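These numbers come from the heavy atoms of this one structure, side chains and all, not from hydrogens, waters or symmetry mates. Everything quoted here is computed from the prediction, not taken from an experiment. Residues: numbered from 1 along the sequence shown.
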Amino acid sequence: MRLLIRNARIALPSGELYHGDLFSEEGRIVAIDRDIDRTADTVVDAEGHILMPGVMDPQVHFREPGNEQKEDISSGSRAAAKGGVTSFLEMPNTNPSTTSPAALADKLARGAEKSVVNYGFFIGATPDNLDSLLAADAACGIKIFMGASTGNLLVDKEEDLDRIFAHGRKLIAVHAEDEARIRERRAQFSGSCEPADHSRIRDEESALMATRRAVRLSKKYQRRLHILHLSTAVETEFLRQEKTPYISCEAIPNHLFLTTDAYAKMGPLAQMNPPIRSERDRLALWEGLRSGVIDCIATDHAPHLLTDKALGYPRAPSGMPGVETSLPLMLTAMRDGHCSLAELQRWMCYNPARLYGVVNKGRIAIGWDADLTLVDMVHERPVRNEEMFTRVGWSPFNGWVLTGWPVTTIVGGRVVFDKGEILPNAHGQPLHYIEPTPLPALD
């Protein structure tokens with residue numbers, strides 16, 4: 001498969017835009033030049049749009065198996081492609097949970113059949129499945145819910161956490177909220193039907209307590225740790241002092257663009273775990289990204305039906321969709337001066353691949369994988385619920401006017417999304433991971 005992209009503004013890792021052509025063969029970039037004259041199976045006229053690496057979203061919930069009415073791997077991966085996401089890592093809290101090598105193999109088979117972008121899956125930790133965690137070679141990492149779990153996935157006792165951190169080498173990703181404090185706070189707010197109390201119950205102290213605990217265990221065993229969806233200023237400052245080369249963390253657009261003010265307009269639609277925070281926390285996360293304390297951006301795409309959200313607080317489930325809007329949100333922020341193109345590529349493309357040991361993804365360079373997205377930075381258009389590819393058909397950013405919408409998404413040198421449509425026979429490949437080591441300095 002040979003692909004030629006003409007007349008693009010090609011985003012180099014430095015953030016410089018190189019006006020020229022790109023040629024890929026067998027899924028790898030083999031030439032970047034001003035005017036490439038080669039025979040290709042597919043020719044794309046970029047029309048001067050920016051060509052950047054495809055986004056890797058390292059935290060999504062595609063709900064399959066068990067809740068396909070909300071999302072499945074097919075609909076979720078199509079939403080990803082529409083959003084310029086060429087690879088995803090999916091979480092284990094499905095039904096049944098992904099807690100064994102057999103369940104992991106089942107998800108990989110589903111991905112091979114249904115996903116239009118590249119795919120990887122976590123295995124979930126329980127208090128008693130250490131043997132399964134050690135045998136799950138095909139997993140991108142081990143997910144530990146220290147709070148806010150579903151099914152049998154809660155791991156909050158010290159002896160269970162210690163045992164998991166002590167054995168094996170695979171990356172551990174944690175949902176860091178302290179379950180005991182959440183229960184205590186929930187009792188204090190018993191009977192509340194006010195959505196804003198969700199952020200008071202799951203307060204910043206519950207997040208900091210769990211993050212401290214995970215960092216202590218990572219240091220004790222020199223275990224590779226990734227802290228999911230960082231949400232508070234106090235966690236950011238703690239990690240500024242305590243991060244080691246074995247520890248990384250992420251932020252998500254919900255916490256970068258929304259605050260507790262959203263409850264007044266959105267009600268339970270704004271409900272998620274960990275919850276949206278104050279303006280002070282939002283600004284601290286942006287500063288943490290720019291200073292390198294926070295390493296990457298994920299979405300925690302967690303779709304729920306509007307009928308479920310309409311149950312009201314506290315019966316409504318927590319979570320929001322986001323895989324389609326993360327890149328336009330960030331490119332709009334870039335246009336408005338909040339970050340550079342080099343930073344955005346590092347946070348959304350290169351660093352997620354680097355942190356999870358996925359090689360040759362996240363940069364436009366000779367020899368790297370041709371996972372690419374062509375984005376329109378000229379035109380603006382609003383987020384519209386009725387245009388969402390996610391099965392739940394809504395976005396917390398409905399009505400926001402954004403630029404940077406993907407025009408074309410390319411996976412492994414093949415066009416999978418173009419001008420609003422998923423192409424026939426589009427498919428991704430399973431991701432593969434190298435063994436975790438202390439994180440190298442960025443080059």
Side-chain angles (χ1 to χ4, degrees), residues 54-64 67 70-73 75-91 93 117 119 148 173 175 198 228-231 250-259 262-263 265-266 268-277 282 285-286 289 294 296-306 308-309 316-334 344 347-349 352 373 375 381-406 409 417:
V55 171
M56 175 177 283
D57 190 338
Q59 190 189 176
V60 301
H61 301 263
F62 283 168
R63 307 300 189 199
E64 182 180 352
N67 281 292
K70 300 181 181 184
E71 199 81 284
D72 64 13
I73 291 170
S75 64
S77 69
R78 288 166 181 262
K82 178 174 178 277
V85 174
T86 54
S87 300
F88 66 80
L89 302 178
E90 205 262 353
M91 288 295 162
N93 54 327
V117 301
Y119 50 90
H175 181 125
H198 191 66
L228 301 162
H229 41 44
L230 207 71
S231 65
E250 70 187 30
I252 68 173
N254 300 352
H255 294 129
L256 292 170
F257 293 96
L258 300 175
T259 69
Y263 286 122
K265 179 180 179 181
M266 296 170 58
L269 292 181
Q271 180 185 330
M272 64 169 295
N273 302 327
I276 52 177
R277 305 289 187 186
R282 190 186 75 82
L285 294 177
W286 273 103
L289 278 166
I294 299 172
C296 70
I297 290 173
T299 66
D300 193 17
H301 174 84
H304 292 287
L305 296 171
L306 287 171
D308 293 337
K309 285 288 191 177
S318 294
M320 312 181 208
V323 75
E324 293 172 70
T325 52
S326 61
L327 182 56
L329 282 165
M330 290 302 299
L331 284 168
T332 302
M334 181 193 78
L344 187 149
W347 299 336
M348 302 190 77
C349 310
T373 187
V375 296
R381 63 181 176 85
V383 180
R384 295 187 177 97
N385 284 346
E386 61 270 22
E387 295 178 357
M388 294 291 102
F389 277 25
T390 175
R391 186 159 288 167
V392 296
W394 67 276
S395 166
F397 303 102
N398 183 51
W400 288 40
V401 178
L402 305 176
T403 191
W405 289 97
T409 302
F417 170 82

Exercise. Answer whether the closest heavy-atom distance between the side chains of I297 and P253 falls below 4.5 Å.
Key: yes

Quiz item: Of all heavy-atom pairs between L329 and F257, which one has the smallest distance, and what is that distance?
Solution: O-CZ, 3.6 Å

Quiz item: Hey, does the side chain of T332 reach the backbone of T403 with a donor-acceptor pair shorter than 3.5 angstrom?
Solution: yes

Self-check item: Side-chain ion pair, D72 and R63, N-O less than 4.0 Å
Solution: no

Exercise. Grab the two heavy atoms, one from P396 and one from M266, that are nearest each other, plus how far apart they are.
Key: CB-CE, 3.5 Å

Quiz item: Is a donor on one side and an acceptor on the other found under 3.5 Å between the side chain of W405 and the backbone of P328?
Solution: no

Quiz item: How close do L327 and G83 get, heavy atom to heavy atom, and via which atoms?
Solution: CB-O, 3.5 Å

Quiz item: What pair of heavy atoms forms the shortest contact from A81 to V117, and how long is it?
Solution: CB-CG1, 3.8 Å

Practice problem: Taking K309 for its side chain and A316 for its backbone only, find out whether a donor-acceptor pair lies under 3.5 Å. | Solution: no

Exercise. Answer yes or no for K82 and F417: cation-pi contact, defined as NZ/CZ to six-membered ring centre under 6.0 Å and angle to ring axis within 45°.
Key: no

Exercise. Output yes when a side-chain donor or acceptor of H255 lies under 3.5 Å from a complementary backbone atom of P274, and no otherwise.
Key: yes

Quiz prompt | Main-chain N/O of L228 paired with Q59 side-chain donor or acceptor, under 3.5 Å | solution = no

Exercise. Could you tell me how the ring of H229 sits relative to the ring of H175: parallel (under 30°), tilted (30 to 60°) or perpendicular (over 60°)?
Key: perpendicular

Exercise. Keeping the roles fixed (side chain from N273, backbone from S318), state whether a donor-acceptor pair exists under 3.5 Å.
Key: no

Quiz item: Less than 6.0 Å separating the ring centroids of H301 and F62?
Solution: yes

Quiz item: Is there a donor-acceptor pair closer than 3.5 Å between any side-chain N or O of W394 and the backbone N or O of H304?
Solution: yes

Self-check item: Whether S87 side chain and Y119 backbone form a donor-acceptor pair below 3.5 Å
Solution: no

Quiz item: Between K70 and E64, is the closest basic N to carboxylate O distance under 4.0 Å?
Solution: no

Quiz prompt | Note, M348 side chain near C296 side chain (heavy atom, < 4.5 Å) | solution = no

Quiz item: When you check the side-chain N and O atoms of H61 and D300, is any donor under 3.5 Å from an acceptor?
Solution: yes

Quiz item: Are D57 and V323 close enough that some pair of their side-chain heavy atoms sits under 4.5 Å apart?
Solution: yes

Self-check item: Listed partners of E71 passing salt bridge (Lys or Arg N to Asp or Glu O under 4.0 Å), at least two apart
Solution: none

Practice problem: For residues M330 and L256, determine if any side-chain heavy atom of one lies less than 4.5 Å from a side-chain heavy atom of the other. | Solution: yes

Practice problem: Check whether any side-chain heavy atom of E324 sits under 4.5 Å from a side-chain heavy atom of S395, and report yes or no. | Solution: no

Exercise. Flag the pair W347 / I294 as yes when at least one side-chain heavy-atom distance between them is below 4.5 Å, and no otherwise.
Key: no

Quiz prompt | Atom of V392, atom of P321 and distance for their closest heavy-atom approach | solution = CG2-CG, 4.1 Å

Quiz item: If you look at every heavy atom in I276 and A262, which pair is closest and at what distance?
Solution: CD1-CB, 4.0 Å

Quiz item: Is the shortest heavy-atom distance from the side chain of M320 to the side chain of N254 under 4.5 Å?
Solution: yes

Self-check item: Separation between OG of S326 and CD1 of I252, rounded to the nearest 0.5 Å
Solution: 10.5 Å

Quiz item: Will you find, in the side chains of S231 and R277, an N or O donor that is under 3.5 Å from an N or O acceptor?
Solution: yes

Quiz item: Would T409 and T373 count as a side-chain contact (heavy atoms from CB on, under 4.5 Å) if you check the C-alpha gap in whole Å, the side-chain angles of each, and the deciding distance to 0.1 Å?
Solution: CA-CA 4 Å; T409 302; T373 187; 3.7 Å; yes

Practice problem: For residues L402 and V383, determine if any side-chain heavy atom of one lies less than 4.5 Å from a side-chain heavy atom of the other. | Solution: yes

